[in-house]
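Residues take their numbers from the sequence shown, with the count starting at 1. Because the structure is a prediction, the values reported are computed rather than measured.
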Amino acid sequence: MNFRRAAILAVMDILLLAELCLAIWWGQREPAEIAWRFMQVFLPAAAATVLGTRWAFRRWAPKVKVSAEQAGRQPWRPVDLFGALGRGPGRREP
């Protein structure tokens with residue numbers, strides 16, 4: 001993994017943990033409405049973090065260019081794993 005991608009993911013993880021802690025702290029201030037207060041703080045903040053991460057990946061992370069032939073030879077690609085649904089577009093049943 002590239003350093004920029006790792007840095008973006010690390011910042012996203014730290015932000016999500018901080019938002020979670022803040023939402024729990026904010027929610028416990030009024031126990032009768034703990035779930036509502038938690039969602040009121042956490043959901044918008046988490047959505048903004050995820051969207052910001054997507055934007056950061058598109059803007060700063062290097063693009064990986066791989067041909068279709070190279071992608072087909074990757075050992076981690078789940079081709080033929082789930083029967084007909086896992087087959088590549090050019091493959092047929094034996």
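Taking every heavy atom of both residues into account, M12 and T49 meet most closely at CG-CG2, 3.8 Å. Residue F42 comes nearest to L16 through the heavy atom pair CE1-O, 4.1 Å, listed as atom of the first residue, atom of the second, then distance.
Atom CH2 of W36 sits in a sparse spot, with 12 or fewer heavy atoms from other residues, nucleotides or ligands closer than 6.0 Å.
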(message) Between R37 and V41, is the side-chain contact (heavy atoms from CB on, under 4.5 Å) condition met? List the steps.
(response) CA-CA 6 Å; R37 286 187 175 268; V41 172; 5.8 Å; no
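Taken together through direct or relayed side-chain contacts under 4.5 Å among Ile, Leu, Val, Met, Phe, Trp and Tyr, M39 and I24 form part of one hydrophobic cluster. L22 and L43 end up in different hydrophobic clusters when Ile, Leu, Val, Met, Phe, Trp and Tyr side chains are linked at under 4.5 Å.
When the side-chain hydrogen bond (donor to acceptor under 3.5 Å, both in side chains) test is applied to T53, no partner is found at least two apart in sequence or on another chain.
Note that the CD1 atom of I8 and the CZ atom of F3 stand 10.0 Å from one another [nearest 0.5 Å].
Exactly one residue among V11, D13, L17 makes a side-chain contact (heavy atoms from CB on, under 4.5 Å) with L15. That residue is V11.
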